[in-house]
Amino acid sequence: DGQGGYYLMVSGTQTGADNAIQSISVSGNSTLASAIGYTAGSTSGPLALSSQHAQDASLTVNGVPVTSATNTIQNVVSDVTLTLNSVTASGSSDTLNVTSDPSVITTAVQSFVTAYNALQSTISSLTAFNTTNQTSSPLTGDNTTLNVQTSLASALQVFVGTGTLQSLADLGITTDPETGQLDLDTSKLSDAITSNPTDVANLFTGPSGLAASIQSATNNILGATNSLGAQTSTGSIENAESGLQQTISDLDNQYTNEQSRITDEMNMYRTEFTNLDTLVSQMNNTSSYLTQQFAAMTNSSSSN
């Protein structure tokens with residue numbers, strides 16, 4: 001404190017009455033225990049005089065009393081998070097106006113459009129074929145990649161048979177027929193959100209909406225998971241990877257078997273060559289012997 005005095009401040013890592021510090025104990029050091037020992041509700045001890053008891057936030061929403069361990073309160077008003085910044089004066093109240101913010105939805109849709117276009121650009125780059133140089137890309141002609149591209153494009157063909165807005169085009173989301181890229185008319189989307197929020201919600205999050213359609217497509221591509229995060233099915237990419245890995249394994253086995261066969265044949269040929277070389281050597285020796293014998297017989301006949 002600048003005057004030779006020392007103070008220890010202890011605070012909990014979580015707020016609320018249920019997270020109050022119940023006790024502080026020290027074993028093996030009585031001096032330290034007497035300095036910082038603490039028991040909740042005690043009126044003696046150095047910490048008892050300076051403790052600030054943990055408590056819950058308390059408020060009333062439409063006449064309903066609410067308590068919370070934090071100043072951030074959820075689930076009191078549907079889809080609304082309340083953040084308490086100050087204490088309301090006794091006898092007065094605060095009014096909360098909940099209004100829609102079209103810019104939030106527009107930003108989310110724009111992020112989706114940007115991500116979709118980036119994916120389409122990546123797929124196009126990986127599957128492109130250069131007609132001038134007659135060169136292909138790593139995934140040119142790969143059926144799995146082309147099916148992914150087609151599946152995602154088909155997932156955008158959302159149609160809701162009720163309401164004024166029935167397709168993504170009604171929201172200003174259209175597809176360029178040449179590039180496959182999405183275009184977003186933000187003004188048209190904002191107008192739709194303002195004038196027909198229910199239709200917009202159905203198109204995005206309804207049973208036949210964009211979210212469900214994209215989810216179905218990505219489940220087929222990446223595999224599905226349950227609510228616990230465990231995978232329940234494999235997707236086309238994993239199946240393709242497994243197939244390619246099996247092909248690589250089969251080729252490795254074929255290579256090993258072929259190499260073993262060639263080695264065996266080479267060893268056989270070496271053995272045959274060695275045997276033939278030995279036979280030739282023996283035949284040469286025999287030939288030399290016979291030549292000598294015929295020569296000796298000829299000389300003997302001439303002498304007689």
Side-chain angles (χ1 to χ4, degrees), residues 103 105-159 166-190 192 203-204 208-225 229 231-266 269:
S103 65
I105 301 177
T106 302
T107 300
V109 173
Q110 182 63 69
S111 297
F112 169 78
V113 169
T114 300
Y116 180 89
N117 289 342
L119 176 61
Q120 292 296 335
S121 295
T122 299
I123 292 176
S124 297
S125 175
L126 292 174
T127 58
F129 181 80
N130 190 315
T131 56
T132 302
N133 300 327
Q134 294 294 301
T135 56
S136 59
S137 302
L139 295 177
T140 299
D142 180 70
N143 287 332
T144 300
T145 306
L146 296 177
N147 287 336
V148 167
Q149 188 176 39
T150 302
S151 296
L152 291 175
S154 298
L156 300 178
Q157 306 306 312
V158 175
F159 179 79
Q166 299 182 345
S167 69
L168 296 184
D170 294 332
L171 302 181
I173 305 173
T174 56
T175 303
D176 188 313
E178 294 184 1
T179 64
Q181 300 276 307
L182 292 180
D183 294 319
L184 174 62
D185 185 336
T186 55
S187 297
K188 189 173 183 178
L189 176 60
S190 296
L203 276 168
F204 284 137
S208 302
L210 179 63
S213 183
I214 290 292
Q215 183 69 64
S216 178
T218 54
N219 282 347
N220 292 331
I221 296 169
L222 302 175
T225 58
Q231 189 169 18
T232 57
S233 66
T234 57
S236 59
I237 292 179
E238 184 175 350
N239 291 334
E241 288 178 343
S242 298
L244 290 173
Q245 190 58 53
Q246 184 61 49
T247 300
I248 292 173
S249 179
D250 292 341
L251 290 174
D252 284 340
N253 291 334
Q254 292 178 21
Y255 174 80
T256 301
N257 293 335
E258 188 67 16
Q259 189 176 44
S260 177
R261 186 187 66 79
I262 293 174
T263 300
D264 291 341
E265 288 191 0
M266 290 295 294
Y269 291 146

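Nothing fancy with the numbering, it's 1 onward along the sequence. All values derive from a computational prediction rather than experimental measurement.
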Quick check: do [X] and [Y] have side-chain heavy atoms less than 4.5 Å from each other?
X: D185; Y: L189; answer: no
X: I173; Y: F112; answer: no
X: L210; Y: L203; answer: no
X: L152; Y: I221; answer: yes

Hey, is the main chain of [Y] close enough, under 3.5 Å, to the side chain of [X] for a donor-acceptor pair?
X: Q181; Y: N117; result: yes
X: T122; Y: A118; result: yes
X: T114; Y: Q110; result: yes
X: T150; Y: L146; result: yes
X: D170; Y: S167; result: yes
X: S137; Y: A128; result: yes
X: S236; Y: T144; result: no
X: T175; Y: L182; result: no

Can you sort out the partners of [X] under side chain to side chain donor-acceptor pair (under 3.5 Å), two or more places apart, ordered by chain and number?
X: N147; value: none
X: T234; value: N239
X: Q231; value: E238

Nearest 0.5 Å, please: how far is [atom2] in [Y] from [atom1] in [X]?
X: I248; Y: Q245; atom1: CD1; atom2: CD; result: 5.0 Å
X: F204; Y: L171; atom1: CZ; atom2: CG; result: 5.0 Å
X: S233; Y: N220; atom1: OG; atom2: CG; result: 7.5 Å
X: S151; Y: I214; atom1: OG; atom2: CD1; result: 10.0 Å
X: S242; Y: I237; atom1: OG; atom2: CD1; result: 12.0 Å
X: Q149; Y: S154; atom1: CD; atom2: OG; result: 10.5 Å

Around Y255, counting heavy atoms of other residues, nucleotides and ligands shown, do more than 12 lie under 6.0 Å from its OH? no
Does Q215 have any side chain to side chain contact (heavy atoms under 4.5 Å, CB included) partners at least two apart in sequence or in another chain, and if so, which? T218, N219
According to side chain to side chain contact (heavy atoms under 4.5 Å, CB included), who are the partners of T174, at least two apart in sequence or on a separate chain? A169, D183
Please report the shortest heavy-atom distance between T132 and N130, naming the atom on each side.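 Here T132 and N130 meet closest at N-OD1, 2.9 Å.
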Minimum heavy-atom separation for T135 and F129, please, with both atom names. O-CD1, 3.4 Å
Just grab all the salt bridge (charged side-chain N to carboxylate O under 4.0 Å, His left out) pairs involving residues 243-264, residues at least two apart or on different chains.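 As it turns out, the salt bridge (charged side-chain N to carboxylate O under 4.0 Å, His left out) pairs with a partner in residues 243-264, which skip direct neighbours, are E258-R261, R261-E265.
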Any chance you could lay out the side chain to side chain contact (heavy atoms under 4.5 Å, CB included) test for T127 and D142, step after step, and finish with the verdict? CA-CA 7 Å; T127 58; D142 180 70; 5.7 Å; no
